[in-house]
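This report refers to the structure that appears directly beneath it.
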2 protein chains.
Amino acid sequence: MEAGKRITTRDIAERLGLSVSTVGRALAGDPRISTETRHRVEREAAELGYVGNQAARMMRGASSKVIGLMVPDVGNTFYSTAAHALAQCMSRQGYQVMLCETGDDRDNELAQVRGMIAGQVAGVIVVPTPNPRGETVRLLRQVPHVQLLRTHPDLARQSFGIDDRQVLRDATRHLHDLGHTRIAYLGGPAGLSTGERRLAGYLDVVGDRDAGLVAHVPPGSAEDTRRELARLLDGPDPPSAVVAASVRITEGVLEELASRCVAVPRELSVVGFGDELGFGWWGPGLTTMALPVHEVATACSMWLLQRLRDGDEPAPFVSSTGGYLRERGSTAPPAAGR
Amino acid sequence: MEAGKRITTRDIAERLGLSVSTVGRALAGDPRISTETRHRVEREAAELGYVGNQAARMMRGASSKVIGLMVPDVGNTFYSTAAHALAQCMSRQGYQVMLCETGDDRDNELAQVRGMIAGQVAGVIVVPTPNPRGETVRLLRQVPHVQLLRTHPDLARQSFGIDDRQVLRDATRHLHDLGHTRIAYLGGPAGLSTGERRLAGYLDVVGDRDAGLVAHVPPGSAEDTRRELARLLDGPDPPSAVVAASVRITEGVLEELASRCVAVPRELSVVGFGDELGFGWWGPGLTTMALPVHEVATACSMWLLQRLRDGDEPAPFVSSTGGYLRERGSTAPPAAGR
DNA sequence: CTGAAAGCGCTAACAT
DNA sequence: ATGTTAGCGCTTTCAG
């Protein structure tokens with residue numbers, strides 16, 4: 001299938017009876033090279049399909065034009081949206097994206113970081129796992145990086161995220177304002193920076209009153225979400241409303257409610273997290289918090305690229321963008337009987 | 001933020017009073033090195049946070065442990081599903097994924113290929129654009145690669161895809177068997193290998209009878225799909241059923257039908273392409289063709305990794321996996337009046 | 001304007 | 001069991 005050997009500057013030099021340095025200079029557009037020689041070189045290079053060897057350039061200290069992106073799972077639209085935004089920004093500026101999935105596992109995360117460092121990435125955009133290994137932190141510190149969506153205190157002091165607390169506060173307040181007093185919260189496992197802020201936003205509105213209605217769902221499986229929701233609904237004194245605190249959890253909630261044929265919003269009001277495609281079709285239309293993931297990811301990559309260009313030590317910087325409520329049909333005042 | 005200098009074998013060697021080759025051999029687990037020395041080296045390496053320089057290794061002929069993945073758009077769940085499958089396979093085998101978006105633009109595609117070749121990827125998994133540039137083809141041929149989901153005749157003779165023709169034949173037959181005689185087809189632009197096969201599958205069932213009901217939608221925008229569908233529905237003698245021939249088009253169809261409040265399946269039956277999250281929630285539940293994208297992508301990456309391991313020239317090989325009909329509520333026999 | 005040579009970090013052949 | 005040397009492809013002095 002492939003021709004094995006790659007064309008090098010030396011191939012071009014020999015074929016033209018020049019030295020490698022002349023060829024190299026011509027290709028680099030060095031003004032000292034005569035226009036005619038430069039053209040000959042360029043033509044030959046195009047002819048042979050020459051592509052420079054990035055590894056060799058990097059050994060000479062060139063930066064790599066590769067940005068590492070570490071996300072828990074690109075299968076999750078939350079992160080594939082971010083990956084898409086990044087890929088666009090990066091390619092526009094001549095950078096490439098090295099995609100790494102951590103699966104939210106710290107050892108996996110470390111292995112991936114090792115790979116990126118070994119591959120000499122120019123910078124890293126990381127959605128850190130809840131509790132990264134010390135070595136992961138040390139390695140990441142060797143390279144310009146920025147945190148996306150989640151933050152861990154030991155990593156870069158620069159981060160771009162969603163204002164998780166505001167998002168959940170607004171979601172919860174919407175239900176509160178409708179008159180709900182038993183609002184259940186379905187969130188991710190404890191220990192995640194975002195999870196804590198989302199819970200705080202919820203508690204901002206309900207106080208400690210509904211502590212019994214807070215459920216922490218293990219990550220990953222939709223089944224867990226469905227089970228937790230079922231537990232809440234089947235328990236004594238069930239909630240009249242539910243807020244979901246992640247995209248995955250929202251999906252699980254929607255599936256469970258659809259399969260149980262719960263009458264939304266008559267029996268139960270629901271507010272989702274994120275506005276994925278299809279949320280508008282669900283039942284009466286899902287009222288949900290729309291999140292600017294694409295915009296945040298774009299800003300994040302712009303910032304990193306700029307920082308790579310400047311080269312200087314950046315000041316601590318935390319960007320936190322809010323979401324907004326998109327009202328559809330899944331919320332209403334609680335039924336009279338409750 | 002970062003400590004600038006990376007630790008090299010030489011740093012370790014100097015600190016331990018050894019030569020670089022001894023250090024290199026110790027790190028590589030060469031049996032000639034005494035266990036004690038090896039331990040000293042390993043400890044020091046761990047201490048300093050040594051990570052080998054992949055660029056230097058590659059200059060010595062080592063392969064890069066990086067697989068390039070070229071897709072039109074990771075924002076499309078069709079491809080993010082594939083990316084997820086790949087990332088999992090690859091990381092399990094110690095490989096990394098370089099993610100490239102072509103945006104279905106051939107010049108962009110060429111630029112991305114250049115970047116991958118320059119970066120010395122070990123192999124490439126490509127979803128080719130409809131009409132790649134000659135240079136793109138020449139460059140890809142220099143490196144082990146395989147085609148995913150789409151195929152272009154000038155690229156690798158190895159490909160993993162969906163049996164597009166069967167998928168659309170089954171979708172259309174389902175409507176035909178229900179008694180529909182005016183079945184509209186909404187597909188991608190002409191020129192794409194998959195588009196032609198999907199259209200062929202449709203025509204296998206309807207013959208040339210419904211040629212007036214075939215609409216080609218430009219890629220990318222949901223608006224185009226909605227407009228084409230509107231044109232068909234508002235035209236004289238409108239269809240009693242619609243088949244969609246891509247995920248994006250399916251999404252556009254669902255949005256348009258929802259916003260028009262078309263009574264599905266009473267006024268119009270619909271069969272979708274792919275079974276994305278939320279398709280089951282839409283209206284009466286979307287009857288659709290479920291596609292094994294994850295499985296196909298997994299098989300594809302396994303094959304490529306195996307091929308890299310073997311090193312030998314592979315035989316032409318085309319894998320084409322079928323989909324199956326998932327019946328939900330959006331299809332029914334045509335209304336009496338039609 | 002162009003050529004010769006050194007060196008980036010690593011490994012493999014060739015010495016001890 | 002360890003050290004020395006050469007060279008991968010490229011850029012960058014330093015010499016013409």
Side-chain angles (χ1 to χ4, degrees), chain A residues 3-42 44-45 48-65 114-115 117-122 142-143, chain B residues 3-42 44-45 48-65 114-115 117-122 142-143:
Chain A
K5 291 231 53 79
R6 211 90 93 204
I7 306 298
T8 72
T9 46
R10 194 169 136 186
D11 295 323
I12 299 177
E14 280 175 358
R15 219 163 285 232
L16 258 43
L18 292 169
S19 74
V20 277
S21 18
T22 303
V23 172
R25 280 194 274 253
L27 258 21
D30 191 306
R32 292 175 302 183
I33 300 301
S34 74
T35 345
E36 194 221 322
T37 307
R38 207 185 62 229
H39 283 145
R40 285 208 304 145
V41 170
E42 282 168 350
E44 194 70 15
L48 297 172
Y50 168 79
V51 178
N53 184 333
Q54 185 63 21
R57 277 199 261 262
M58 275 157 61
M59 291 207 56
R60 302 273 323 159
S63 108
S64 76
K65 296 283 175 189
R114 280 230 180 78
I117 300 286
Q120 313 269 87
V121 292
Q142 289 183 15
V143 78
Chain B
K5 292 233 51 82
R6 210 89 94 210
I7 306 298
T8 73
T9 46
R10 194 168 136 187
D11 295 324
I12 300 176
E14 280 175 358
R15 219 164 283 234
L16 258 46
L18 292 169
S19 74
V20 278
S21 25
T22 305
V23 172
R25 281 194 275 251
L27 258 20
D30 191 307
R32 290 175 303 183
I33 300 301
S34 74
T35 346
E36 195 220 322
T37 307
R38 207 184 64 229
H39 282 145
R40 284 208 305 147
V41 170
E42 282 168 351
E44 194 70 14
L48 296 171
Y50 167 80
V51 178
N53 183 332
Q54 185 63 19
R57 277 199 262 261
M58 275 156 61
M59 291 208 55
R60 304 271 326 158
S63 106
S64 76
K65 294 286 175 186
R114 280 230 180 78
I117 301 286
Q120 314 268 86
V121 292
Q142 291 183 13
V143 75

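The sequence lines fix the lettering, A, B, ..., with proteins before strands; numbering per chain opens at 1.
Going from atom CD1 of B/Ile33 over to atom C1' of D/dA1 covers 6 Å, rounded to whole Å. Between B/Arg10 atom CZ and C/dC8 atom C1' the separation is 10 Å, expressed in whole Å. Computed from coordinates, the B/Leu18 CG to D/dG3 P distance equals 5 Å when rounded to whole Å. Taking atom CE on A/Met59 and atom C1' on C/dC8, their separation rounds to 4 Å, with Å as the unit. Atom CD1 in A/Ile7 sits roughly 16 Å away from atom C1' in D/dC10 (whole-Å rounding). Per the geometry, CG belonging to A/Asn53 stands 14 Å off C1' belonging to C/dG9, to the nearest Å. D/dG3 atom P lies 10 Å from atom CG of B/Leu16, rounded to whole Å. Between the P atom of D/dT2 and the CZ atom of B/Arg40 lies a distance of 9 Å, rounded to the nearest Å.
Listed here is the closest heavy atom pair of A/Ala45 and A/Leu27: CB-CD1, 4.3 Å. Annotation for A/Ser63 and A/Ala122: closest pair OG-CB, 4.2 Å, computed over non-hydrogen atoms. The shortest heavy-atom contact between A/Asn53 and B/Gln120 is ND2-NE2, 3.4 Å.
The closest side-chain heavy-atom distance from B/Arg57 to B/Arg60 is not below 4.5 Å. Put simply, the side chain of B/Thr22 reaches to within 4.5 Å of the side chain of B/Thr37, judged on heavy atoms.
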Query raised in the report: Does the salt bridge (charged side-chain N to carboxylate O under 4.0 Å, His left out) test come out yes or no for A/Glu44 and A/Arg40, once each step is laid out?
Result: CA-CA 6 Å; A/Glu44 194 70 15; A/Arg40 285 208 304 145; over 6 Å; no
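Nearest to the side-chain atoms of A/Ser34 among the listed nucleotides C/dT2, D/dC10, C/dT11 stands C/dT2. Candidate nucleotides D/dC10, C/dG3, D/dG3 were compared by shortest atom distance to the side chain of A/Ala56, and D/dC10 ranks first. Distance from the side chain of B/Ser21 is smallest to D/dG3 among D/dG3, D/dT2, C/dG9. The side chain of A/Arg60 lies closest to D/dT11, out of C/dC10, D/dT11, D/dT2. Here D/dT13 is the nucleotide among D/dC8, D/dT2, D/dT13 with the atom lying nearest to any side-chain atom of A/Arg25.
Of the side-chain N and O atoms in B/Thr37, one or more sit less than 4.0 angstrom from OP1 or OP2 of D/dT2. Considering only side-chain N and O atoms, A/Thr9 lies nowhere under 4.0 angstrom from the phosphate OP1 or OP2 of D/dG9. B/Tyr50 has no side-chain polar atom (N or O) that falls below the 4.0 Å cut-off from OP1 or OP2 of C/dG9. Phosphate contact (OP1/OP2 of D/dG3, side-chain N/O of B/Thr22, threshold under 4.0 Å): present. Regarding contacts with the backbone of C/dG3, a side-chain N or O of A/Ser19 is found under 4.0 angstrom from either OP1 or OP2.
At a cut-off of 3.5 angstrom, the base of D/dG9 holds no donor-acceptor pair with the side chain of A/Arg6.
The 5' end of DNA chain D is approached more closely, in terms of each residue's nearest nucleotide, by B/Arg38 than by the other of B/Arg38 and A/Gly52.
Residue B/Arg32 is classed as a base contact, given a heavy-atom separation below 4.0 Å to a base.
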